[in-house]
2 protein chains.
Amino acid sequence: MSSGNFKHDLFSQFARVGKALSNANRLELLEFLAQGERSVEELSKVSGLTVANTSQHLQQLRQAGLVVTRKQGHHVYYRLTGDDVILLLDALRKVAEKHVAEVERLVDSYLTVKDDLEPVPAQELLERVRQGLVTVIDVRPPEEYAAGHLPGAVNIPLAELEAHLEKMDPRREVVAYCRGPHCVLAFDAVERLRARGLKARRLEDGYPEWKVMGLPTESGVT
Amino acid sequence: MSSGNFKHDLFSQFARVGKALSNANRLELLEFLAQGERSVEELSKVSGLTVANTSQHLQQLRQAGLVVTRKQGHHVYYRLTGDDVILLLDALRKVAEKHVAEVERLVDSYLTVKDDLEPVPAQELLERVRQGLVTVIDVRPPEEYAAGHLPGAVNIPLAELEAHLEKMDPRREVVAYCRGPHCVLAFDAVERLRARGLKARRLEDGYPEWKVMGLPTESGVT
DNA sequence: CTAGTATTCAAGACATTAATTGAATATAAG
DNA sequence: CTTATATTCAATTAATGTCTTGAATACTAG
């Protein structure tokens, strides 16, 4: 009887974490935070929520133990509590992808040529990079790139892609990546590159997943 | 931006899975299902929920893609959709446990600081118990108490403490103990007892330490 | 100290969720 | 066909969650 209570209390704790994951806006915030530390203002801008609303969601995430804060000057910076949170988000994504037919439908409808996009697994990319066979491009904004990126990756934010196209060797394969497996930036980049006749694919995962897998990374500007 | 809607829709799908994990009862059902296929009736019994309520929770789990059903005779059998669901539950548990531990640590350090609750050393308590000077209460759950406790200790789980307050002699000192030197239960008990004007302190150690010191113990129900 | 900015808090409107109850459906056995 | 049983559906109530608005708090620069 009291063990029933204990058990129920335990599941209630787990449920608190589940609750934190039960809202699309919070999941989006978590994805941004998977890139690194962010202030409330930045998160508010990038998510399109009001600052107050963003703050409240962040506090829920903090109460669930998913994020921690650091105060500096005017700003409060949030970051994920640890890598286990990234693993959790990944597990969630995997289950959702596999079982929610709706997700597939959405991805399909967005990507006109889904089959052609066959993503490159992380291990395979690492191999090919070591052999110098591919050019890896990071299509995230420069700040995120500077905070950490794949070794040898060139930072080409989506907006600047067109400008780089002419300089690229059409015979050399390009692999693009961004924030996560579903980050649209990389999809977009691949489509545009292909439209110009380049051999382009996208990395199966994003930068956070790559890092969590223990694969090598670099940081700073090249 | 055209990717804005797509992105939000995608996160909404992920949130559906998160929602399924946001309730203690559903998590308990999932844990049972992790052991294998179960009928609604079995799940209802083991979770203590009404059949209708169980059925509704199961349907939410099914809509989130976490479980699937099979019909046979009178019964509908539910089972997890796949091993990735188990991985997800594991990831959730890990994050939650870490956070819970963190909370416990914080609470402990907070309580230890304001510890003018001068704890009673084991030897001193043994002495005073022999002289019949104090009432010793064990605030752990009954199962743990039954497995072994201090001689003469009365089992009063924290939840039942209030009910016992009136029966206690305010002039007699009470010493509380639980699982270990940092187990919060005893701190809590002492605080509550003092709030009622009783003379209360806590044992410096918990039951495991007492036992390891080679001091006498009892087991079973009193 | 004062002004300006970043974040949090508090209160209210509105939507969603959980549990209860009683009825409806479906299956198998007599 | 009728009956008993397992499950689901539907309607209600109480509780909880989300977002908005405007004010309060904390920090820095001047």
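Residue numbers start from 1 in every chain, and the chains themselves are labelled A, B, ... in the order their sequence lines are given, proteins ahead of strands. Values below: every heavy atom of this structure, side chains too, minus hydrogens, waters and symmetry copies.
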Between D:dT8, C:dT7, D:dG17, spot the one nearest the side chain of A:V76, thanks. C:dT7
Is there a side-chain contact between [X] and the phosphate of [N], meaning an N or O under 4.0 Å from OP1 or OP2?
X	N	result
B:H57	C:dA19	yes
A:Y78	C:dT8	yes
A:N23	D:dT18	yes
B:H75	C:dT27	no
A:N53	D:dT20	yes
A:Q59	C:dC9	yes
A:S55	C:dT8	yes
A:R26	D:dT18	yes

Check the distance between [N]'s [atom2] and [X]'s [atom1] and give it to me in whole angstrom.
X	N	atom1	atom2	answer
A:L58	D:dC19	CG	P	13 Å
A:Q56	C:dA11	CD	C1'	11 Å
B:L29	C:dA18	CG	P	12 Å
B:F11	D:dT18	CZ	P	16 Å
B:R62	D:dT7	CZ	C1'	11 Å
A:Q60	D:dT18	CD	P	5 Å
B:R38	D:dT7	CZ	C1'	18 Å
A:L27	D:dT18	CG	P	11 Å

Just checking B:S22: base, sugar-phosphate only, or nothing, at a heavy-atom cut-off of under 4.0 Å? nothing
Could you state the interatomic distance from CG (B:L193) to NZ (B:K199), rounded to the nearest 0.5 Å? 13.0 Å
One should read off an interatomic distance between B:N155 CG and B:R140 CZ, to the nearest 0.5 angstrom, of 8.0 Å
So B:Y145 and B:H149, would you call those rings parallel, tilted or perpendicular, with 30° and 60° as cut-offs? parallel
For A:V40 and for A:H74, find the nucleotide of DNA chain C with the closest heavy atom, then tell me which residue's nucleotide is more 5'. A:H74
Which sits closer to the 5' end of DNA chain C, A:E42 or B:K71, going by the nucleotide each is nearest to? A:E42
5'-most contact on DNA chain D: B:E41 or A:N25, nearest heavy atom basis? B:E41
Heavy-atom nearest pair, B:A15 first then A:L27, reads N-CD1, 3.4 Å
Please report the shortest heavy-atom distance between A:L43 and A:T54, naming the atom on each side. CB-CG2, 4.0 Å
If we only count heavy atoms from C-beta on, is the A:H164 to A:K167 side-chain gap below 4.5 Å? yes
Checking only heavy atoms, does the side chain of A:Q72 share a donor-acceptor pair with the base of C:dA6 at less than 3.5 Å? no
